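Okay, so here's the structure we're looking at.
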Number of protein chains: 2
Amino acid sequence: MTSTPLERAPRRHQTRQRARILEWLRTADSHPTAAQTHEALVRELPNLSLGTVYRNLEVLVSEGLIDEVASAGGGVRYDGNPKPHHHFICDACGAIDDLHLQAPPELARKLRRARGRTARRIRIDFYGLCEACELHDSNAGTAS
Amino acid sequence: MTSTPLERAPRRHQTRQRARILEWLRTADSHPTAAQTHEALVRELPNLSLGTVYRNLEVLVSEGLIDEVASAGGGVRYDGNPKPHHHFICDACGAIDDLHLQAPPELARKLRRARGRTARRIRIDFYGLCEACELHDSNAGTAS
DNA sequence: ATTTCTGCAAAAATTTTGCACCTTG
DNA sequence: CAAGGTGCAAAATTTTTGCAGAAAT
């Protein structure tokens with residue numbers, strides 16, 4: 001038996017720090033890193049420590065209130081929108097945008113046919129150039 | 001002007017280290033981290049340094065020979081299969097499996113309609129339980 | 001009162017770099 | 001021999017932890 005040693009879920013206390021982190025992530029348009037989250041909130045909570053931010057992000061993820069988004073380059077980013085959605089990621093500037101479109105049910109079927117597995121959740125990442133970068137950028141096919 | 005200062009691509013030399021890293025990644029069934037790659041190869045290349053592995057992975061990515069896969073938890077992983085494909089990720093054990101199915105063209109259309117952007121590349125991640133974990137695991141709806 | 005949380009600082013873990021010396025072309 | 005590459009070690013980052021005191025329930 002690989003017994004999980006009877007782990008009771010702790011009763012969470014409500015703290016200003018955690019509340020603000022969640023609230024801020026919800027309104028953030030980008031998908032911030034732990035450091036960016038700390039940076040943004042340290043103005044109004046001057047003693048907020050990075051450790052506290054890390055610990056709270058972990059709690060919020062485990063409670064399903066936010067999502068972890070693994071971003072290329074290795075950093076973890078956080079997404080204040082826990083509803084299933086997809087992402088458009090700019091190849092040039094790395095910006096991540098939420099897309100609230102629905103995954104075609106066909107995909108789940110394809111998976112089942114290919115592997116016999118059932119998908120609980122499907123996440124689609126679209127890569128391309130965001131509007132700003134597309135304009136900004138003429139050297140798209142020119143390079144040698 | 002944000003001039004790219006006329007950067008000439010270096011002529012790469014062929015080295016045993018780089019060759020073996022690429023070759024090993026191609027046959028690897030998992031999606032290894034830099035550390036795992038080093039660990040696996042240090043037997044046959046006893047002086048192989050981690051720094052070299054990092055530098056070569058970066059080169060191989062930039063040449064499009066391998067892919068970076070950002071995995072939750074923050075670590076970067078590498079995928080020796082540069083052809084576009086998708087992933088099935090086990091919620092329980094974290095294993096990542098390649099899926100060689102084709103994204104429905106409908107998706108690109110949806111993106112265009114929703115955002116007016118064009119997708120160069122679409123990556124789909126399916127989350128669920130792999131076969132081993134599904135069997136292994138009876139406590140799926142039982143938890144309080 | 002008891003449990004959970006915070007801030008701070010130290011410790012780990014991960015990734016990047018500088019540099020002297022080898023290798024490839 | 002010139003351009004790249006390697007190994008090693010130090011430095012820079014990023015994330016995790018231990019602890020004593022503070023807050024929440």
Side-chain angles (χ1 to χ4, degrees), chain A residues 5-25 30-63 65-78 94 144, chain B residues 5-25 31-63 65-78 94:
Chain A
L6 192 30
E7 218 173 292
R8 175 186 43 86
R11 293 94 160 104
R12 300 288 178 204
H13 291 181
Q14 173 183 325
T15 67
R16 189 196 316 294
Q17 289 87 337
R18 179 137 70 227
R20 287 300 294 130
I21 289 172
L22 175 56
E23 209 175 320
W24 185 75
L25 279 179
S30 60
H31 293 72
T33 62
Q36 290 168 338
T37 303
H38 176 259
E39 210 177 305
L41 291 174
V42 81
R43 297 184 209 176
E44 56 175 288
L45 302 172
N47 296 325
L48 181 66
S49 78
L50 238 191
T52 294
V53 172
Y54 274 105
R55 281 182 287 223
N56 276 314
L57 290 171
E58 188 188 323
V59 169
L60 293 170
V61 167
S62 79
E63 314 234 305
L65 295 170
I66 65 176
D67 266 0
E68 250 183 31
V69 182
S71 77
V76 184
R77 290 169 173 276
Y78 294 89
S144 72
Chain B
L6 194 28
E7 219 173 291
R8 176 188 41 86
R11 296 92 160 98
R12 317 243 71 128
H13 293 178
Q14 171 184 323
T15 67
R16 189 199 313 295
Q17 290 87 336
R18 179 137 67 227
R20 286 300 294 129
I21 289 172
L22 175 56
E23 208 175 319
W24 184 75
L25 279 179
H31 294 71
T33 63
Q36 290 168 339
T37 304
H38 176 259
E39 209 175 308
L41 292 174
V42 80
R43 296 183 209 180
E44 58 176 284
L45 303 172
N47 296 325
L48 180 67
S49 77
L50 239 191
T52 295
V53 172
Y54 274 104
R55 281 182 287 225
N56 276 314
L57 289 171
E58 187 188 324
V59 169
L60 293 171
V61 167
S62 81
E63 314 235 306
L65 296 170
I66 64 176
D67 265 2
E68 249 183 32
V69 182
S71 78
V76 185
R77 290 168 174 278
Y78 294 89

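Heavy atoms only: backbone and side chains are in, while hydrogens, waters and symmetry mates are out. In what follows, chains carry the letters A, B, and so on, assigned in the order in which the sequence lines appear, proteins first and then strands, with residues in each chain numbered from 1. A quick note: this is a predicted structure, and the numbers were derived from the prediction, not measured.
- Following rounding to the nearest Å, A:Y78 (OH) and D:dT14 (C1') show an atom-to-atom distance of 11 Å.
- When each of A:L48 and B:A34 is assigned the nucleotide of DNA chain C bearing its nearest heavy atom, the one mapping closer to the 5' terminus is A:L48.
- Taking a cutoff of 4.0 Å between a charged side-chain nitrogen and a carboxylate oxygen, B:E23 and B:R20 qualify as a salt bridge.
- Going from atom CG of A:L57 over to atom C1' of C:dT6 covers 15 Å, rounded to whole Å.
- Nearest-nucleotide positions on DNA chain C place A:P10 closer to the 5' end than the other of A:P10 and B:T52.
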### Query
Could you write nucleotides 19-25 of chain C as a row of B, S and -, 5' to 3', where a protein heavy atom under 4.0 Å of any base atom gives B, of only sugar-phosphate atoms gives S, and otherwise -?
-----BS
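- Two residues are said to be in side-chain contact when any heavy atoms from C-beta on lie closer than 4.5 Å; A:Y78 and A:D67 fail this criterion.
- More than 12 heavy-atom neighbours from other residues, nucleotides or ligands sit within 6.0 angstrom of CD on A:E63.
- The phosphate of D:dA22 (OP1 or OP2) has no side-chain N or O of A:N47 nearer than 4.0 angstrom.
- Rounded to whole angstrom, the span from the CG atom of A:L50 across to the P atom of C:dC8 amounts to 11 Å.
- Look at CD on B:E58: it is 15 Å from C1' on D:dT6, rounded to the nearest Å.
- Residues passing the side chain to side chain donor-acceptor pair (under 3.5 Å) test with B:Q14: none are found, sequence neighbours excluded.
- Although no hydrogens or angles enter the test, the distance criterion places no donor-acceptor pair under 3.5 Å between the side chain of B:H31 and the main chain of B:V69.
- Among residues two or more places apart in sequence or in another chain, the side chain to side chain donor-acceptor pair (under 3.5 Å) test is passed with B:T15 by none.
- Among residues two or more places apart in sequence or in another chain, the side-chain contact (heavy atoms from CB on, under 4.5 Å) test is passed with A:Q36 by A:P32, A:T33, A:R77.
- Under the side chain to side chain donor-acceptor pair (under 3.5 Å) criterion, A:N56 pairs with A:R18, not counting sequence neighbours.
- Taking atom NE2 of residue A:H38 and atom P of nucleotide D:dT15, one finds them 14 Å apart after rounding to whole Å.
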#### Entry: Pairing string, 5' to 3', for DNA chain C - Watson-Crick or wobble contacts under 3.5 Å, brackets [ ] where pairs cross, | to another strand
|||||||||||||||||||||||||
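- Side-chain nitrogen and oxygen atoms of B:Y54 include none within less than 4.0 Å of the OP1 or OP2 phosphate oxygen of C:dT16.
- Between B:S49 and B:R11, the one whose closest nucleotide on DNA chain D sits nearer the 5' end is B:R11.
- Taking the side chain as every heavy atom from C-beta outward, A:L41 and A:H38 never approach each other to under 4.5 Å.
- One can place CG of A:L45 at 14 Å from P of D:dA23, the figure rounded to the nearest angstrom.
- Considering only side-chain N and O atoms, A:R8 lies under 4.0 angstrom from the phosphate OP1 or OP2 of C:dT4.
- Taking atom CD1 on A:I21 and atom P on C:dC5, their separation rounds to 12 Å, with Å as the unit.
- Atoms CG (B:N56) and C1' (C:dT16) sit 14 Å apart, rounded to a whole Å.
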